[in-house]
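In the text below, chain A, chain B and the rest are named by the order of the sequence lines, each starting its count at 1. Worth saying up front: this structure is predicted, and the values here are computed from it rather than measured.
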Amino acid sequence: MRYNPQKIEGNLNVTDQFPLKELFVLLAGFIGIFIAAYVILGFAVELIMPHIDLKTENKLMKLMNSSASPTKEIAGIPIGLRQKNDRLLENVLRKLISNSSMSLPEIKIRYVNNETINAYAHIDGTIEIHSALFSKMSTENELAFVIAHELGHYAYKDNLKVLGRKLVLLFLGTTFLGADNGLNKMMLNTLGATESKFNQVQEERADKYAIELLNKTYGHIGGANSSFSKILKTNEPEALYVFSTHPNPSKRLETISREINLKGYKVDKQLSLNED
Amino acid sequence: MEYLIAIGFTILLTVVGFVFGTINEKKHYASILEREEKLLNLPTLTVSAKSLSQDLDLNQFSQVRLVSGGTVLSIDYFKRFLGILRMFFGGNISAYESLIDRARREAILRLKEQAGNADLIINLKLETSDVGSGSGKKNDSSVTCIETFAYATALYK
């Protein structure tokens with residue numbers, strides 16, 4: 001037996017592979033699978049959500065109520081004024097709901113002292129009307145259009161779809177990245193967020209629902225166009241809205257006008273804003 | 001915003017890991033190859049004395065000594081990230097292959113260096129374990145550091 005020292009060429013113990021190429025291939029595969037799973041599960045959510053019964057929907061909303069955080073309010077509004085405005089909003093809401101043909105979950109409405117011209121349909125079933133928007137409404141019909149638009153989001157279960165998509169992301173994040181990861185933390189923080197971002201299709205569908213409900217409640221759609229024009233800027237360029245979740249206001253106005261002409265809705269005298 | 005910062009920080013660590021990890025690995029392999037060539041003539045075997053005594057007269061050796069060599073190598077962030085991605089799809093984790101290869105070869109070289117002017121090294125054994133994996137987190141199976149320990153018997157004439 002003889003010892004024969006020999007230098008071994010190469011290194012069979014290490015796979016000869018360019019690490020960056022391997023990184024890109026694996027990353028592309030990982031991201032591709034993640035996106036495919038999200039899209040497929042997203043479609044599943046869109047298919048399932050409309051079939052959730054009202055009882056379950058109310059339970060989910062009550063569940064979300066515990067994690068919802070109220071919109072920031074400017075302090076200093078007199079209690080009497082708040083109560084008066086809350087009552088006014090509740091009256092209009094009751095009128096609209098009684099004329100709605102779609103099943104609606106338990107909805108509440110409140111007046112919020114905030115400078116942003118906005119209204120929100122929160123995931124816990126609360127519609128918030130900001131004071132800045134409220135002050136722009138001159139008639140009950142204009143206000144009703146705004147509330148009816150928010151009711152449209154509830155009627156089409158848009159909040160649940162948004163919640164469903166967030167839950168899909170949470171599930172995928174946990175599956176691929178483990179329970180304690182940055183993506184999950186981000187999702188959990190926004191899961192109970194009180195404002196839901198609806199996409200352009202959902203917004204336009206809510207507009208159509210609002211027109212129809214306004215007509216059913218008041219016999220005409222007076223107040224719809226004027227309400228719209230007061231709260232949205234219609235002279236901004238289209239390019240601004242390409243990647244926005246909201247469609248261009250001018251486009252929304254066009255869609256509403258088309259719907260009005262198609263259905264032959266009429267405009268008539270509007271009711272003044274009072275509590276009765 | 002904080003999540004964008006976290007993602008940006010991860011990308012930065014990955015890039016830094018790739019650059020410095022590649023430089024360190026190249027330097028280490030160069031050192032390993034140089035020392036392996038110098039110590040090529042010191043026979044290092046895994047056979048035991050009992051097996052060897054059938055072919056070799058062990059009485060010619062006047063001294064025996066336990067020799068050992070150990071090393072701890074850390075994986076860089078880039079390789080760690082690559083290893084985690086690879087675990088989803090299976091296959092060779094080449095990122096860890098080079099780490100373990102370097103660790104073992106370094107441990108053996110240090111053992112040989114400790115043996116000094118030994119004539120023969122027998123009964124070589126290697127033990128590898130991970131150090132500080134997952135920072136103590138229960139479900140984190142990614143490797144951060146490798147510790148390799150080589151021990152053997154050095155024979156001197």
Is chain A contacted by the side chain of R105(B), its backbone, both, or neither, given a heavy-atom distance below 4.5 Å?
side chain
If the plane angle is over 60° it's perpendicular, under 30° parallel, otherwise tilted; pick one for F18(B) and F18(A).
perpendicular
Measure distances from L42(B) to the heavy atoms of chain A and classify the residue's part below 4.5 Å as side chain, backbone, both or neither.
backbone
Max heavy-atom pair count under 4.5 Å with chain B, selected residue of N4(A), N11(A), L27(A)
N11(A)
Taking the side chain as C-beta and beyond, is there a heavy-atom pair between Y29(B) and V14(A) under 4.5 Å?
yes
Decide yes or no for F78(B) and L20(A): does some side-chain heavy atom of the first lie under 4.5 Å from some side-chain heavy atom of the second?
yes
Nearest atoms (heavy-atom pairs only) where F88(B) meets F30(A):
CE1-CE1, 3.4 Å
Enclosure of L47(A) CG (heavy-atom neighbours >12, cutoff 6.0 Å)
yes
Under 4.5 Å from a heavy atom of chain A, the part of R104(B) involved:
neither
If you count heavy atoms of other groups shown closer than 6.0 angstrom to CG of D16(A), is the number above 12?
no
What do you reckon, is CD of Q17(A) surrounded by more than 12 foreign heavy atoms closer than 6.0 Å?
yes
Return each pair, listed once, that meets side-chain hydrogen bond (donor to acceptor under 3.5 Å, both in side chains) where at least one residue sits in residues 66-77 of chain B; pairs must be two or more places apart or across chains.
none
Residue N92(B) versus chain A: region with a heavy atom under 4.5 Å:
both
d(F24(A) CZ, L85(B) CG) to nearest 0.5 Å is 12.0 Å
Do L26(A) and F81(B) make a side-chain contact, defined as non-hydrogen atoms from C-beta onward lying under 4.5 Å apart?
no
CG of L23(A) to CG of L82(B): how many Å apart, nearest 0.5 Å?
5.5 Å
Kindly check if the number of other-residue, nucleotide or ligand heavy atoms within 6.0 Å of CZ (F89(B)) is above 12?
yes
Answer whether the closest heavy-atom distance between the side chains of E97(B) and N13(A) falls below 4.5 Å.
no
